[in-house]
Amino acid sequence: MAYDTNNIFAKILRGEIPCKAVYEDEFALAFPDINPQAPVHLLVIPKGEYVSAADFNASAPPDALTGFYRAVAHVAKLAGVADNGYRLICNIGADSRSEVPHFHVHILGGKKLGHLLGPPVAE
Ligand code: AMP
């Protein structure tokens, strides 16, 4: 799948759409999910153009991989969920119902979370 430079997170990275950044460095940007599913629901995205975790993990250079995943852990600490625990979610492809084709990690926490998968969703 080719990277779509008009996806919403690409626009956020270019500053064309606002976000309330909670963390930014050379590798990653973190901001609240617009439709939160938990008291803490942040998204962390890499600065580079990767359509999914599969693409990022296979293609990103080592410094980008290390920098990004360290930023995810750092953001969880900043959000105050590191001690009690949290969930990371990466949706990849159609069956996961991924909506935005720019790699992102969801950080969910701030309460006891439900089971890993929610109830089935009609097609
Ligand atoms: P996914 O289904 O894993 O692709 O998740 C995409 C997420 O992006 C969803 O949870 C949306 O609520 C979230 N989202 C979409 N647009 C925005 C936006 N402008 N700012 C913050 N979060 C967004």
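Counting starts at 1 for both ligands and their atoms, in listed order. The residues of the chain are indexed from 1 along the displayed sequence. All values below come from the heavy atoms of this structure, side chains included, with hydrogens, waters and symmetry mates left out.
For ligand 1, the atoms closer than 4.0 angstrom to any heavy atom of His106 are 1 (P), 3 (O), 5 (O), 7 (C), 10 (O). Short contacts between ligand 1 and Asn35, defined as distances under 4.0 Å to a heavy atom of the residue, involve ligand atoms 12 (O). Atoms of ligand 1 found under 4.0 Å from any heavy atom of Arg97, numbered from 1 in the order shown, are 2 (O). Interface atoms of ligand 1 facing Phe31, defined by a heavy-atom separation under 4.0 Å, are 21 (C).
Close N/O approach between Ile8 and ligand 1 is not found [any backbone or side-chain N/O within under 3.5 Å]. Any N or O atom pair closer than 3.5 Å counts here, and Ile34 shares at least one such pair with ligand 1. For ligand 1, one of its N or O atoms has an N or O atom of Asn91 under 3.5 Å away.
Taking each heavy atom of Arg97 and Val121 in turn, the nearest pair found is NH2-O, 3.4 Å.
Contact annotation: for Phe103 versus ligand 1, there are no heavy atoms closer than 4.0 Å. The residue Ser96 has no part lying near ligand 1, judged by heavy-atom distances below 4.0 Å.
Protein heavy atom in closest approach to atom 6 (C) of ligand 1: His104 NE2, 3.5 Å. Given atom 8 (O) of ligand 1, the protein heavy atom at minimum distance is Phe9 CZ, 3.4 Å. Of all protein heavy atoms, the one lying nearest to atom 4 (O) of ligand 1 is Glu99 N, 2.7 Å.
Residues Arg87 and Leu116 are in side-chain contact: their nearest non-hydrogen atoms beyond the backbone lie under 4.5 Å apart. In this structure the side chain of Phe31 reaches within 4.5 angstrom of the side chain of Ile12, judged on heavy atoms. In this structure, Lys47 and Glu26 have side chains that are not in contact, with every pair of non-hydrogen atoms separated by 4.5 Å or more. Considering only heavy atoms from C-beta on, Ile89 stays 4.5 Å or farther from Val105 through its side chain. At a threshold of 4.5 Å between non-hydrogen side-chain atoms, the residues Tyr69 and Asn57 count as touching.
The ring of His104 has its center closer than 6.0 angstrom to the ring center of His106. For an aromatic pair to be called close, the ring centres must be under 6.0 Å apart, and Tyr50 with Phe56 satisfies this.
Looking at Leu29, Leu42, Leu43, Val44 one by one, the single match for side-chain contact (heavy atoms from CB on, under 4.5 Å) with Val22 turns out to be Leu42.
Heavy-atom proximity to atom 12 (O) of ligand 1, evaluated over Val100, Asp33, Ile89, is greatest for Asp33.
Using a 4.0 Å cutoff on heavy atoms, Pro32 counts as a contact of ligand 1. At least one heavy atom of Ser98 sits under 4.0 Å from some atom of ligand 1. In this structure, Gln37 does not count as a contact residue of ligand 1, since none of its heavy atoms falls inside 4.0 Å of the ligand.
Below 30°, between 30° and 60°, or above 60°: for Phe68 and Phe103 the angle between ring planes is between 30° and 60°, a tilted geometry.
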